[in-house]
Amino acid sequence: STRPSTGAITNPTASAGTYNTWMAQLCNLAKPNYTIYTVTMGAENTHMTNCASQPSFAFRTSMSNNPGEPGMDDIFRSISEQITALRLSL
């Protein structure tokens with residue numbers, strides 16, 4: 001079966017590599033059936049970006065309140081608008 005092991009999620013001593021592998025497996029299983037949006041807070045995270053269904057569905061904020069950076073409200077508003085547009089196009 002292609003089902004990922006849940007050992008990483010239940011093992012508090014698992015390595016970051018184990019978590020990244022587990023997450024990649026879950027994303028790859030979900031992508032054919034679901035539209036995935038990701039929101040990363042802090043440093044850019046390639047694993048989260050790769051998990052998104054497409055690059056424009058991956059959002060990032062450092063939560064620093066910089067004027068040029070989107071805040072959480074902006075990010076979730078954008079996701080909502082994209083979902084609404086998708087629904088209207090179906």
Side-chain angles (χ1 to χ4, degrees):
S1 164
T2 58
R3 183 175 180 219
S5 165
T6 58
I9 208 163
T10 60
N11 181 355
T13 61
S15 70
T18 299
Y19 284 109
N20 291 337
T21 299
W22 181 80
M23 186 174 121
Q25 290 173 338
L26 286 177
C27 292
N28 290 334
L29 288 171
K31 277 184 180 182
N33 302 307
Y34 300 97
T35 301
I36 301 173
Y37 292 86
T38 61
V39 179
T40 303
M41 294 177 276
E44 188 166 341
N45 183 318
T46 304
H47 300 288
M48 292 292 283
T49 302
N50 291 341
C51 186
S53 293
Q54 59 188 47
S56 64
F57 291 179
F59 296 88
R60 187 184 78 74
T61 182
S62 66
M63 305 294 289
S64 64
N65 295 323
N66 288 337
E69 183 178 281
M72 294 302 287
D73 286 345
D74 299 321
I75 290 171
F76 284 106
R77 186 176 306 108
S78 179
I79 292 171
S80 172
E81 290 168 358
Q82 290 179 26
I83 291 171
T84 299
L86 178 64
R87 187 179 316 139
L88 292 176
S89 70
L90 296 177

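Keep in mind that the numbers below use all heavy atoms, side chains included, and drop hydrogens, waters and symmetry copies. Since this is a predicted model, take the numbers as computed values, not measurements. Just so you know, residue 1 is the first one in the sequence shown, and it goes up from there.
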Legend entry - Side-chain donor/acceptor of N33 to backbone N/O of A30, under 3.5 Å: no

Inset, instruction - Measure the spacing between CD of Q54 and NZ of K31 and express it to the nearest 0.5 Å. - result: 10.0 Å

Legend entry - Pairwise distance OG1(T35) to CZ(F57) - rounded to 0.5 angstrom: 6.0 Å

Legend entry - Backbone N/O of M48 and side chain of T38: donor-acceptor pair under 3.5 Å: yes

Inset, instruction - Determine yes or no for a side-chain-to-main-chain donor-acceptor pair under 3.5 angstrom, with S80 supplying the side chain and F76 the backbone. - result: no

Legend entry - Interatomic distance, T40 atom OG1 to H47 atom NE2 [nearest 0.5 angstrom]: 11.0 Å

Inset, instruction - Could you note down all residue pairs passing disulfide (SG to SG under 2.5 Å) where residues 16-47 supplies at least one of them, sequence neighbours left out? - result: C27-C51

Inset, instruction - For the residue pair T18 and T21, confirm or rule out a side-chain donor-acceptor distance under 3.5 Å. - result: no

Inset, instruction - Answer whether the closest heavy-atom distance between the side chains of M72 and V39 falls below 4.5 Å. - result: yes

Inset, instruction - May I ask you to decide if M41's main-chain N or O and R60's side chain share a donor-acceptor pair within less than 3.5 Å? - result: no

Inset, instruction - Quick one: pull up CD1 in I36 and CG in N50 and give me the separation to the nearest 0.5 Å. - result: 11.5 Å

Inset, instruction - Drop me the distance from S78's OG to F59's CZ, to the nearest 0.5 angstrom. - result: 3.5 Å

